[in-house]
Amino acid sequence: ADTARGYMEARRWPNGPVCPACGETKRIYERASGAKRCNACLSTFSVRSGTIFEESNLPLNKWLYAMYLLITSRKGVSSVQLHAEIGVTQKTAWFMLQRLREACGNDPTKLSGIIEIDETYIGGKEGAKHESVKLKRGRGTVGKTPVIGMREKGGRVKAGVIADASAASIHRAVHQAIETGSTLHTDEHGGYVGLEGLFFDHERVNHSAGEYVRGDVTTNGIESVWAVMKRGLHGVYHHASPKHLDRYVSEFTFRLNEGDVKHHTLTRLGSLFDAAIGRRITYKELIA
């Protein structure tokens with residue numbers, strides 16, 4: 001646990017501890033417990049303060065091992081597997097993973113250049129449901145949650161749950177995630193109409209006419225992301241409720257962006273720890 005704390009402190013404060021309350025760097029003293037005392041504002045803090053680890057009684061070495069498993073497992077790690085690996089209850093393992101997924105969504109940067117965009121629907125198939133829970137509102141996307149994904153050509157991925165596949169929801173997600181002046185590649189879905197012009201260049205492929213590639217215009221890259229994500233959700237987690245789905249999507253996109261084997265494991269681990277700073281979610285919020 002001391003080694004894990006030392007690693008996290010060196011990563012968070014490479015030039016020495018900084019008080020999160022007042023920003024003091026000099027008048028800080030360490031207590032025997034590992035907590036820090038700021039003599040400028042008289043507050044007590046630790047490397048857990050203001051992170052997803054705050055108010056967790058679990059030793060930091062267990063958190064660090066959970067982070068390692070999350071970034072190195074190709075399709076993710078289930079709470080049942082984590083509970084067996086690190087010796088906590090399955091309920092605690094589930095809470096740990098949800099906190100880590102919350103950190104995975106902590107990415108304020110925007111995509112730029114050529115961006116492929118596509119939407120998909122995730123959820124149970126109506127035909128597989130018990131008669132009592134069928135929605136009976138038609139076929140296809142009924143009872144599923146819409147997710148939009150954006151992939152930078154030769155670069156990173158952003159994805160997240162949207163309220164619906166309307167133009168308003170799609171345009172909002174695109175403007176939040178993509179730099180103005182980028183070129184967008186989409187299919188002919190009506191929700192993408194109007195993105196071209198002042199903010200973006202926009203090229204389309206017409207899937208309904210059997211067109212999947214036209215020159216360098218395609219959405220095959222982002223569609224391959226959906227294939228990996230759906231296999232992981234089905235094979236490892238079996239089911240993700242609409243309420244928590246956005247966190248699972250964040251986990252998969254984080255692993256695609258940071259989990260490349262070209263990146264050293266410690267680099268990937270450091271990226272996840274950095275993302276854990278400034279994020280908080282309580283068990284009460286998760287189960288509300």
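Here the structure is a predicted model, which means the values were calculated and not measured. Computed from heavy atoms alone, side chains included, the values below leave out hydrogens, waters and symmetry copies.
Side-chain atoms of Arg27 come within 3.5 Å of backbone N or O of Asn39 as a donor-acceptor pair. Side chain of Ser73 to main chain of Lys75: no donor-acceptor pair is present (N/O by atom type, distance under 3.5 Å, no hydrogens or angles). A donor-acceptor pair under 3.5 Å is absent between the side-chain atoms of Arg101 and the main chain of Ser250, judged by distance alone. Remark: the backbone N or O of Ile222 is not paired with any side-chain donor or acceptor of Asp118 at under 3.5 angstrom. Panel note: side chain Lys158, backbone Thr109; a donor-acceptor pair is recorded below 3.5 Å. Here the side chain of Lys62 pairs a donor or acceptor atom with the backbone of Ile86 at under 3.5 angstrom. Side-chain atoms of Glu196 come within 3.5 Å of backbone atoms of Gly194 as a donor-acceptor pair (strictly under, hydrogens ignored). His171 contributes a side-chain N or O that, together with a main-chain N or O of Val193, makes up a donor-acceptor pair within less than 3.5 Å.
Nearest heavy atoms, Ile162 versus Ala173: CG2-CB, 4.1 Å. Across every non-hydrogen atom of Cys41 and Ala21, the tightest pair is SG-CB, 4.0 Å. For the pair Ala35 and Thr44, the tightest heavy-atom approach, listed with the atom from each and the gap, is CB-CG2, 4.0 Å. Here the shortest heavy-atom pairing between Leu256 and Val225 reads CD1-CG1, 3.6 Å. Residue Gly23 comes nearest to Val18 through the heavy atom pair O-CG1, 3.9 Å, listed as atom of the first residue, atom of the second, then distance. Nearest heavy-atom pair, Leu233 versus Ala240, reported as atom, atom and distance to 0.1 Å: CD2-CB, 4.0 Å.
Two residues are said to be in side-chain contact when any heavy atoms from C-beta on lie closer than 4.5 Å; Thr72 and Thr265 meet this criterion. With contacts defined as side-chain heavy-atom distances shorter than 4.5 Å, the pair Ile28/Cys19 qualifies. Counting heavy atoms from C-beta on, the side chains of Phe273 and Arg12 come closer than 4.5 Å. Two residues are said to be in side-chain contact when any heavy atoms from C-beta on lie closer than 4.5 Å; Ile117 and His185 fail this criterion. In this structure the side chain of Val174 never reaches within 4.5 angstrom of the side chain of Phe199, judged on heavy atoms. Side-chain contact check for Pro17 versus Thr25: every heavy-atom pair is 4.5 Å or farther apart. Between Glu152 and Val157 there is no side-chain heavy-atom pair separated by less than 4.5 Å. Looking at Trp94 and His244, their side chains come closer than 4.5 Å, going by heavy atoms from C-beta outward.
A side-chain donor from one of Thr89 and Thr92 sits under 3.5 Å from a side-chain acceptor of the other. No hydrogens or angles considered: nothing links the side chains of Gln90 and His83 as a donor-acceptor pair under 3.5 Å. Side-chain contact annotation: Ser224 with Arg151, donor-acceptor N/O pair under 3.5 Å present. A side-chain donor-acceptor contact under 3.5 Å links Ser169 and Asp164.
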Intermediate values then yes/no, side chain to side chain contact (heavy atoms under 4.5 Å, CB included), Phe200 and Ile115: CA-CA 10 Å; Phe200 306 106; Ile115 317 294; over 6 Å; no
Glu258 and Ser271: CA distance, side-chain angles, deciding distance, side chain to side chain contact (heavy atoms under 4.5 Å, CB included) verdict: CA-CA 7 Å; Glu258 307 293 343; Ser271 296; 3.3 Å; yes
Intermediate values then yes/no, salt bridge (charged side-chain N to carboxylate O under 4.0 Å, His left out), Arg5 and Glu30: CA-CA 13 Å; Arg5 179 162 59 87; Glu30 186 156 341; 3.3 Å; yes
Check against salt bridge (charged side-chain N to carboxylate O under 4.0 Å, His left out), Arg247 and Glu251: CA-CA 6 Å; Arg247 289 188 198 92; Glu251 176 199 334; over 6 Å; no
Glu55/Arg48 under salt bridge (charged side-chain N to carboxylate O under 4.0 Å, His left out): CA gap, chis, key distance, verdict: CA-CA 8 Å; Glu55 294 182 10; Arg48 296 175 187 254; over 6 Å; no
Test log, rule side chain to side chain contact (heavy atoms under 4.5 Å, CB included), inputs Val88 and Leu58: CA-CA 9 Å; Val88 296; Leu58 286 170; 3.7 Å; yes
Side chain to side chain contact (heavy atoms under 4.5 Å, CB included) between Glu54 and Arg280, intermediate numbers included: CA-CA 8 Å; Glu54 191 165 350; Arg280 284 292 313 282; 3.5 Å; yes
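A continuous path of ILVMFWY side-chain contacts below 4.5 Å connects Phe53 to Leu82, so both sit in one hydrophobic cluster. Grouping the Ile, Leu, Val, Met, Phe, Trp and Tyr side chains by contacts below 4.5 angstrom, directly or via other members, places Ile114 apart from Ile148. Hydrophobic clustering (side-chain heavy atoms under 4.5 Å, transitive across Ile, Leu, Val, Met, Phe, Trp, Tyr) keeps Trp226 apart from Met150. Under a hydrophobic-cluster definition in which Ile, Leu, Val, Met, Phe, Trp and Tyr are linked whenever side-chain heavy atoms come within less than 4.5 Å, directly or via other members, Val228 and Val77 are assigned to different clusters.
Looking at residues two or more places apart in sequence or on another chain, you find a salt bridge (charged side-chain N to carboxylate O under 4.0 Å, His left out) between Asp274 and Arg11. For Arg156, the salt bridge (charged side-chain N to carboxylate O under 4.0 Å, His left out) test picks out Asp107, with sequence neighbours left out. Partners of Tyr248 according to the ring-ring contact (aromatic ring centres under 6.0 Å, His included) rule, which considers only residues two or more places apart in sequence or in another chain, are Tyr237. When the ring-ring contact (aromatic ring centres under 6.0 Å, His included) test is applied to Phe45, the partners found at least two apart in sequence or on another chain are Trp13.
Of the candidates Arg204, Glu119, Glu116, His202, Thr186 forms a side chain to side chain donor-acceptor pair (under 3.5 Å) with just one, namely His202.
Within 6.0 Å of the NE2 atom in His175, the count of heavy atoms belonging to other residues, nucleotides or ligands exceeds 12. Taking a 6.0 Å sphere around NZ of Lys91, one finds it holds 12 or fewer heavy atoms contributed by other residues, nucleotides or ligands.
Between Glu24 atom CD and Lys36 atom NZ the span is 14.5 Å, to the nearest 0.5 Å.
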Run the side-chain donor-acceptor check on residues 63-70: report pairs under 3.5 Å with partners two or more places apart or on a different chain.
| residue | atom | partner | partner atom | Å |
| --- | --- | --- | --- | --- |
| Trp63 | NE1 | Ser56 | OG | 3.0 |
| Tyr65 | OH | Glu85 | OE1 | 3.1 |

Counting only pairs under 3.5 Å, give me each side-chain donor-acceptor contact of residues 176-184, with atom names and distances, residues two or more places apart or in other chains.
| residue | atom | partner | partner atom | Å |
| --- | --- | --- | --- | --- |
| Ser182 | OG | Gly113 | N | 3.4 |
| Ser182 | OG | Glu179 | O | 2.8 |

